[in-house]
Peer 1: 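For reference, the structure I am asking about is given below.
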Amino acid sequence: MMDMKLFGCLVLFPIQILFCILKATVRLLVPLKRKDLVADVVLITGGGRGIGRHLAKEFAKQGARKNAFWLLQHLPAVLGSFSHAHACCSSGDVSQVILWGRTEKCLRETCGEITRTGTECHYFVCDVGNREEVYQQAKLVREKVGDVTILVNNAAVVHGKTLMKSDDDALLKTQHINTLGQFWTTKAFLPRMLELCHGHVVCINSILSLSSIPGAIDYCTSKASAYAFMESLTLGLLDCPGVDCTTILPFHTDTEMFQGMRVRFPQLFPPLNPEMVAQRTVDAVRTNTAFVVLPWTMHLLVILKSLLPQCALEEIHKFAGSYTCMNTFKGRT
């Protein structure tokens, strides 16, 4: 009997794989149904500036209902859909954006921008590298705002030096914020998502998690760890209906974080626009896409890394200028 079961599994396995490939192909060709974010509470770490600020704007733009104050100000423009808006507000289905970060000035400015668009926004000063602070602020969020249903782990720092030139405390700081911070935030908010059978955990990672460069050993290591964390979490939640994961793996993005970084051929490898990264992230959440590589051409790098010998990979890095791109780095941590 066991032999027959094993034989059946062996026969079905290639069919299942083929079905998954066909399904993925269809997803590329046919427009996907996008879920509504109107009832979600979105928390973005590192939400005061950089990609985090653009994420806050994009979530507000694509998913959030307008608050009552904004509706009163723009009443003529929404009279045509008044009954629908009234139904959403009266049922409590109002999306909210929550910003976490270490710098209150940036959080306050971004929060003001979001609020002026009509979306309810709150901010909390929180260092995600501090476990106790994360748990304390998470409790405060639940008390003052409600249950977080979309967690976006975006906060990150980069020291931007080689191992021997790196300060020990700076190396620890990168690991605490970029990697361990995601452990603490996810442990703080995921249990309630599982109870509600509704939630989404997002990680803004980096293509450097799959292909490292010299001069940013702290960042590459932390992002590789964060990638493994999300890959394990994604697989672990397969049997949890309503709770999904998304990992974004962008190429170098044009923000102040990596200011000064220079690739050898900027025309061939231009930095990504942070607005585009934010748009693709929110769209990936709405379509329940697990992993997104930006731009898509970076898939070739991952494939080549799996196929080519190390000496050939070294030549590719030399050609692309990976060995020297951090020599002019002057970003922030």
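Residue numbers run from 1 in the order of the sequence given. Keep in mind that the numbers below use all heavy atoms, side chains included, and drop hydrogens, waters and symmetry copies.
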Peer 1: Has N153 got a side-chain atom pairing as donor or acceptor with T45's backbone, closer than 3.5 angstrom?
Peer 2: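 No; zero donor-acceptor contacts below 3.5 Å.
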Peer 1: Indicate the atoms forming the closest heavy-atom contact of I213 with C220, along with that distance.
Peer 2: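 Scanning both residues completely, I find the closest heavy atoms to be N-SG, 3.6 Å.
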Peer 1: Give me the one residue out of I44, L107, V134, V152 that meets side-chain contact (heavy atoms from CB on, under 4.5 Å) with W100.
Peer 2: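 That would be V134; it is the only one of I44, L107, V134, V152 passing the side-chain contact (heavy atoms from CB on, under 4.5 Å) with W100.
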Peer 1: Within a strict 4.5 Å, meaning less than it, do heavy atoms of the D218 and S166 side chains meet?
Peer 2: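 No, their side chains stay 4.5 Å or more apart.
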Peer 1: How many angstroms lie between CD1 in I17 and CG in L22, if you round to the nearest 0.5 Å?
Peer 2: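 Answer for the CD1-CG pair, I17 versus L22, is 11.5 Å.
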Peer 1: Centroid separation under 6.0 Å, is that true for the rings of Y219 and F258?
Peer 2: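 Yes, the ring centres sit under 6.0 Å apart.
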Peer 1: Checking K318 now: which residues fulfil salt bridge (Lys or Arg N to Asp or Glu O under 4.0 Å) with it, not counting sequence neighbours?
Peer 2: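 For K318, the residues satisfying salt bridge (Lys or Arg N to Asp or Glu O under 4.0 Å) (neighbours in sequence not counted) are E315.
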Peer 1: When hydrophobic residues are tied together by side-chain contacts of less than 4.5 Å, even through go-betweens, does Y135 share a cluster with V141?
Peer 2: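 Yes: a chain of side-chain contacts under 4.5 Å links Y135 to V141.
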Peer 1: Search all heavy atoms of C325 against all heavy atoms of S322 and return the closest pair with its distance.
Peer 2: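 Heavy-atom minimum between the residues: SG-O, 3.4 Å.
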Peer 1: Can any side-chain N or O of S225 pair as donor or acceptor with the backbone N or O of T221 at less than 3.5 Å?
Peer 2: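 Confirmed, S225 side chain pairs with T221 backbone.
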Peer 1: Judged by atom type as modelled, is there a donor-acceptor pair below 3.5 Å linking the side chain of T110 to the main-chain atoms of R108?
Peer 2: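 A pair under 3.5 Å: no.
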Peer 1: Side chains of T287 and T289: do they bring a donor and an acceptor to under 3.5 Å?
Peer 2: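 Yes - a donor-acceptor pair under 3.5 Å links their side chains.
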Peer 1: Could you tell me whether the side chain of P214 reaches within less than 4.5 Å of the side chain of H317, counting heavy atoms only?
Peer 2: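 Result no, sub-4.5 Å side-chain heavy-atom pair not found.
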Peer 1: With the side chain counted from C-beta on, respond yes when V243 and H200 share a heavy-atom pair under 4.5 Å apart, and no when they do not.
Peer 2: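 V243 does not reach H200 side chain to side chain.
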Peer 1: Can you find a pair of side-chain heavy atoms, one from T246 and one from T281, that are under 4.5 Å apart?
Peer 2: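 They are not in contact (no side-chain heavy atoms under 4.5 Å apart), so the answer is no.
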Peer 1: Starting at CD1 of I177, measure out to CD of Q182 and round the result to the nearest 0.5 Å.
Peer 2: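 If I round to the nearest 0.5 Å, the distance is 11.5 Å.
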Peer 1: For the hydrophobic clusters of this structure (ILVMFWY residues joined by side-chain heavy atoms under 4.5 Å, transitively), does one cluster hold both I207 and Y323?
Peer 2: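 No, separate clusters.
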Peer 1: Rounded to the nearest 0.5 Å, how far apart are CG of L43 and OG1 of T185?
Peer 2: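 It is 8.5 Å, given to the nearest 0.5 Å.
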Peer 1: Looking only at atom types and distance, does a side-chain atom of R53 sit under 3.5 Å from a main-chain N or O of G48, one as donor and one as acceptor?
Peer 2: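 Pair found, side chain donor or acceptor close to backbone of G48.
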Peer 1: Measure the NE2-OG distance between H176 and S222 for me, rounded to the nearest 0.5 Å.
Peer 2: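 The distance works out to 12.0 Å.
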Peer 1: Does L194 share a hydrophobic cluster with F229, counting links as ILVMFWY side-chain heavy atoms below 4.5 Å and allowing steps through other members?
Peer 2: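 Linked, L194 and F229 end up in one cluster.
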Peer 1: To check you understand the geometry: which heavy-atom pair defines the closest contact between T117 and I114, and what is its length?
Peer 2: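 Distance-wise, the nearest heavy atoms are OG1-O, 2.5 Å.
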Peer 1: Taking all atoms of both residues into account, what is the closest heavy-atom pair of L99 and A56, and its distance?
Peer 2: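 Smallest heavy-atom distance, with atoms named: CD2-CB, 3.7 Å.
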Peer 1: Kindly compute the distance separating NZ (K305) from CG (L300), expressed to the nearest 0.5 Å.
Peer 2: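 Going from the NZ atom of K305 to the CG atom of L300 covers 15.0 Å.
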Peer 1: Distance-only, no hydrogens or angles: does the T255 side chain make a donor-acceptor pair with backbone N or O of G50 under 3.5 Å?
Peer 2: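 Absent.
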Peer 1: Decide yes or no on side-chain contact (heavy atoms from CB on, under 4.5 Å) for M326 and M261, but give the supporting numbers first.
Peer 2: CA-CA 5 Å; M326 293 297 287; M261 179 182 174; 4.1 Å; yes
Peer 1: Give a yes or no answer on whether the side chain of N205 reaches the backbone of K223 with a donor-acceptor pair at less than 3.5 Å.
Peer 2: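 Indeed, once roles are kept as given, a pair shorter than 3.5 Å links the two residues.
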Peer 1: Examine distances only and state if a side-chain atom of T149 and a backbone atom of V41 form a donor-acceptor pair shorter than 3.5 Å.
Peer 2: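 At least one qualifying donor-acceptor pair exists.
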Peer 1: Quick one: are T297 and F251 in side-chain contact, heavy atoms under 4.5 Å?
Peer 2: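 Counting from C-beta outward, T297 and F251 never come under 4.5 Å.
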Peer 1: Any side-chain donor-acceptor pair under 3.5 Å between Y123 and E104?
Peer 2: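 Yes, a side-chain donor-acceptor pair sits under 3.5 Å.
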Peer 1: Could you walk me through whether Y227 and L249 pass the side-chain contact (heavy atoms from CB on, under 4.5 Å) check?
Peer 2: CA-CA 9 Å; Y227 178 82; L249 300 154; 3.9 Å; yes
Peer 1: For the pair R49 and E109, find out whether any cationic side-chain nitrogen is under 4.0 Å from an anionic carboxylate oxygen.
Peer 2: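 Looking at E109 together with R49, the answer is no, because their closest N to O distance does not fall below 4.0 Å.
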Peer 1: Ignoring hydrogens and geometry, is there a side-chain-to-backbone donor-acceptor pair from N154 to G46 under 3.5 Å?
Peer 2: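 A pair under 3.5 Å: yes.
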Peer 1: Going from CG on D168 to NZ on K173, what distance comes out if it is rounded to the nearest 0.5 angstrom?
Peer 2: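 Reported to 0.5 Å precision, the distance equals 14.5 Å.
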Peer 1: Given side-chain contact (heavy atoms from CB on, under 4.5 Å), test D40 with H198 step by step and report yes or no.
Peer 2: CA-CA 9 Å; D40 285 294; H198 178 76; 2.7 Å; yes
Peer 1: With D283, which of K61, R34, K35 fulfils salt bridge (Lys or Arg N to Asp or Glu O under 4.0 Å)?
Peer 2: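 With D283 as partner, K61, R34, K35 yield a single salt bridge (Lys or Arg N to Asp or Glu O under 4.0 Å), made by R34.
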Peer 1: Give the intermediate values and the outcome of side-chain contact (heavy atoms from CB on, under 4.5 Å) for residues L180 and Q175.
Peer 2: CA-CA 6 Å; L180 290 176; Q175 307 312 313; 5.6 Å; no
Peer 1: Locate the shortest heavy-atom distance separating V263 from F269; write the atom from each residue and the value.
Peer 2: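 What the structure gives for the nearest pair is CG2-O, 3.6 Å.
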Peer 1: Tell me the closest heavy-atom pair linking V125 and Q137, and the distance in Å.
Peer 2: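 That would be O-NE2, 2.9 Å.
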Peer 1: Taking V158 as the starting point, is it possible to reach I217 by hopping between hydrophobic residues whose side chains are less than 4.5 Å apart?
Peer 2: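 I217 and V158: separate clusters.
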Peer 1: Side chains of S211 and V302: does their closest heavy-atom pair fall under 4.5 Å?
Peer 2: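 Of all side-chain heavy-atom pairs linking V302 with S211, none is under 4.5 Å.
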Peer 1: Does any part of the side chain of N178, heavy atoms only, come nearer than 4.5 Å to the side chain of V157, both counted from C-beta?
Peer 2: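 The answer is yes, as the side chains (C-beta and beyond) meet within the 4.5 Å cut-off.
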Peer 1: Could you check if a side-chain atom of R286 sits within less than 4.5 angstrom of a side-chain atom of L37, using non-hydrogen atoms only?
Peer 2: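 A side-chain contact under 4.5 Å exists here.
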Peer 1: More than 12 non-hydrogen atoms from neighbouring residues, nucleotides or ligands closer than 6.0 Å to NZ on K187, yes or no?
Peer 2: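 Counting neighbours around NZ of K187, 12 or fewer heavy atoms of other residues, nucleotides or ligands fall under 6.0 Å, so no.
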Peer 1: Which pairs with one or both residues in residues 141-163 pass salt bridge (charged side-chain N to carboxylate O under 4.0 Å, His left out), sequence neighbours excluded?
Peer 2: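 The answer is D147-R192.
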Peer 1: Do you reckon F183 sits in the same ILVMFWY cluster as L171, going by side-chain contacts under 4.5 Å, direct or chained?
Peer 2: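 Each belongs to a different hydrophobic cluster.
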